[in-house]
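Written below as structure tokens is the structure these notes are about.
Predicted model only: the values in this text are computed from it and were never measured. Counting starts at 1 for both ligands and their atoms, following the listed order.
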Amino acid sequence: MKTTNKALTGLGTTVFEVMSGLARQHDAINLGQGFPDDRGPADVLAKAADATLNGWNQYPSMMGVPELRQAVADHEKRFYGLDVDWQTETMVTSGATEALAACLFALIEPGDEVVLFQPLYDAYVPLVRRAGGVPRFVTLTAPDWAVTREALAAAFSPKTKAVLLNNPLNPAAKVFDEVELSLIAEFVDGADAYAICDEVYEHLVFDGRAHRPLIALPGMRDRCMKIGSAGKTFSLTGWKVGYITAAPALLAAVSKAHQFLTFTTPPNLQAAIAYGLGKDDSYFDGLAAEMQKKRDRLGAGLAALGFDVLASQGTYFLNVDLGDRADEAFCRHITETARVTAIPVSAFYVEDPVTSVVRFCFSKQDSTLDAALDRLRAHL
Ligand code: PMP
Ligand code: GLN
């Protein structure tokens with residue numbers, strides 16, 4: 001028989017599904033896949049319930065319900081000073097994942113090169129390849145995961161159509177600084193390319209840092225597609241509500257991909273997220289402060305057990321460097337014996353993987369983090 005599509009055939013199952021499956025099998029505490037283990041904000045849940053029972057539950061507009069699109073535009077103004085026209089510059093998607101696919105499908109033609117930063121979220125490369133793109137990698141290494149001019153110069157070429165930047169960066173837990181962002185902007189501009197900006201962790205930055213979207217840098221307003229996710233901003237990862245902000249011409253192209261991917265997103269959830277994005281600053285500050293405390297709780301616990309804990313500037317994640325131990329074997333071992341699950345960071349590389357770093361998710365209740373640390377202590 002003829003082969004199925006080569007970009008997808010033969011791919012393994014995503015590491016998150018594999019490790020969560022293993023965690024269930026061994027009744028392990030799952031600090032692997034990134035999701036909070038509480039119920040999410042009660043008022044946002046109540047809005048969704050009300051919209052389900054009393055609202056409109058047929059197809060909403062393809063671009064998203066107006067309240068949510070307005071809320072996204074207001075959000076970009078409030079947090080980043082961006083003037084965004086909600087009618088031509090915002091669109092709602094079914095999660096950031098769909099937004100990523102729509103942006104790539106809108107931009108990439110066979111042979112176009114896409115610059116990606118390793119370690120990277122595992123959906124990126126299959127989506128780039130499925131779109132006909134050719135991935136070109138900039139490899140970042142622990143502990144500071146720094147971007148250099150030399151590395152960018154080696155990855156960019158006249159064929160570069162886009163860069164896909166995840167900031168804050170999962171799994172490295174790095175927040176790119178102004179100097180690095182300016183450097184990336186310079187290369188995007190120099191290549192006459194676009195930037196797909198996966199900023200799902202925009203509200204999860206720590207130690208007084210402020211998130212700086214690439215789209216806000218000089219020259220970037222018409223080149224960037226900024227992607228957000230309600231999953232991360234409201235601790236509701238199962239809802240799969242995402243949003244894109246981009247200049248009108250770009251967004252129009254992305255909407256053509258979106259219309260034949262999912263077309264739309266559940267309207268009850270959109271209504272609840274429209275409400276959520278309007279919550280006052282204390283919600284957003286509180287989210288980051290609460291996650292920072294959890295980071296410190298897990299980080300201190302792992303350090304006390306003798307782990308070499310790497311800095312976490314943002315995201316849901318904290319990494320440890322095992323030195324000469326292999327990450328994958330270690331993650332399986334602790335799942336099966338200590339009954340605590342983590343994710344091997346080598347799964348986030350396509351070329352030349354770093355094989356000694358393990359990612360733990362700290363967006364969990366304190367009791368979950370403490371129980372995981374107790375189990376690791378007993379085992380070690
Ligand atoms: N990008 C990154 C970097 C992620 O970690 C995730 C995981 N949630 C996503 C995108 C996907 O987000 P969503 O669940 O909204 O599709
Ligand atoms: N973003 C989550 C993580 O990095 C996982 C999302 C998924 O399972 N697809 O753990």
Side-chain angles (χ1 to χ4, degrees), residues 11-24 30-37 40 64 68 72 91-104 116-128 140 145 163-176 195-205 211 213-214 225-244 258 261-262 265-266 269-270 273 276-277 291 312-319 331 341-349 357-364:
L11 279 184
T13 302
T14 165
V15 68
F16 306 114
E17 185 71 15
V18 170
M19 294 311 292
S20 288
L22 205 63
R24 281 191 292 272
N30 190 354
L31 303 187
Q33 192 175 31
F35 61 90
D37 65 346
L68 178 52
V72 169
M91 186 175 80
V92 179
T93 58
S94 293
T97 309
E98 195 231 334
L100 286 161
C103 290
L104 286 165
L116 302 150
F117 297 85
Q118 296 193 112
L120 41 67
Y121 187 54
D122 73 343
Y124 291 177
V125 172
L127 287 173
V128 167
L140 310 176
W145 316 96
V163 53
L164 203 178
L165 178 68
N166 176 212
N167 181 32
L169 178 64
N170 172 16
K174 174 194 169 75
V175 175
F176 290 85
I196 302 168
C197 304
D198 177 345
E199 301 184 5
V200 299
Y201 298 102
E202 62 189 326
H203 290 292
L204 295 163
V205 296
H211 174 68
L214 190 68
M225 285 145 276
K226 175 181 183 289
I227 298 173
S229 171
K232 304 298 170 332
T233 297
F234 298 101
S235 306
L236 294 163
T237 59
W239 278 20
K240 301 294 285 189
V241 178
Y243 23 88
I244 306 178
H258 163 73
L261 280 168
T262 58
T265 300
L269 304 183
Q270 293 194 52
I273 299 306
L277 285 177
M291 287 299 166
S312 165
Q313 303 174 335
T315 74
Y316 279 165
F317 309 112
L318 186 78
N319 294 296
C331 289
T341 298
I343 299 272
V345 166
S346 57
F348 297 85
Y349 287 80
V357 178
V358 165
R359 190 194 83 175
F360 289 89
C361 172
F362 53 73
S363 63
K364 306 289 178 187

Run the side-chain contact (heavy atoms from CB on, under 4.5 Å) check on I343 and V15 step by step: do they pass? CA-CA 8 Å; I343 299 272; V15 68; 4.1 Å; yes
Step by step, work out the side-chain contact (heavy atoms from CB on, under 4.5 Å) result for L164 and L120. CA-CA 10 Å; L164 203 178; L120 41 67; over 6 Å; no
Before you tell me yes or no, could you show the steps for C197 and M225 under side-chain contact (heavy atoms from CB on, under 4.5 Å), namely the whole-Å CA-CA distance, both residues' side-chain angles and the distance that decides it to 0.1 Å? CA-CA 6 Å; C197 304; M225 285 145 276; over 6 Å; no
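In N166, the part holding a heavy atom less than 4.0 Å from any atom of ligand 1 is the side chain.
The 4.0 Å heavy-atom shell around ligand 2 contains residues F16, Q33, G34, Y121, N170, Y201, F317, R359, ordered by chain and number.
Ligand-side atoms of ligand 1 in range of K240: 13 (P), 14 (O), 16 (O), range being under 4.0 angstrom from any heavy atom. Taking every heavy atom of V200 and a limit of under 4.0 angstrom, the matching atoms of ligand 1 come to 1 (N), 2 (C), 4 (C). Residue contact check: G95 has heavy atoms under 4.0 Å from atoms 15 (O), 16 (O) of ligand 1.
Nearest non-hydrogen protein atom to atom 11 (C) of ligand 1 is T97 OG1, 3.3 Å. Summary of contacts: the protein heavy atom closest to atom 12 (O) of ligand 1 is A96 CB, 3.5 Å. Protein heavy atom nearest atom 7 (C) of ligand 1, with residue, atom name and distance: K232 NZ, 3.0 Å. Residue, atom and distance of the protein heavy atom nearest to atom 1 (N) of ligand 1 are D198 OD2, 2.5 Å.
T262 contributes no side-chain N or O that, together with a main-chain N or O of S94, makes up a donor-acceptor pair within less than 3.5 Å.
Counting all heavy atoms, side chain and backbone alike, L204 lies closest to K232 at CD1-O, 4.1 Å. L104 and Y124 get closest at one heavy-atom pair: CD1-O, 4.5 Å.
Using modelled atom types and a 3.5 Å distance limit, the side chains of N170 and R359 yield a donor-acceptor pair. Side-chain polar atoms of T14 and D122 form a donor-acceptor pair below 3.5 angstrom.
Put simply, part of Y201 is less than 4.0 Å from ligand 1, judged by heavy atoms. Heavy-atom distances between E98 and ligand 1 stay at or above 4.0 Å for every pair.
The side-chain tip of K364 does not point at the ring of F362 from less than 6.0 angstrom away and within 45° of straight on.
Exactly one residue among K226, E98, M91 makes a side chain to side chain contact (heavy atoms under 4.5 Å, CB included) with I244. That residue is M91.
Within the set Y121, Y243, F16, the minimum heavy-atom distance to atom 4 (C) of ligand 1 is found for Y121.
Ligand 1 has a nitrogen or oxygen under 3.5 angstrom from a nitrogen or oxygen of S229.
The ring of Y121 has its center no closer than 6.0 angstrom to the ring center of F348.
Side-chain contact between P168 and K174 is absent, with no heavy-atom pair separated by less than 4.5 Å.
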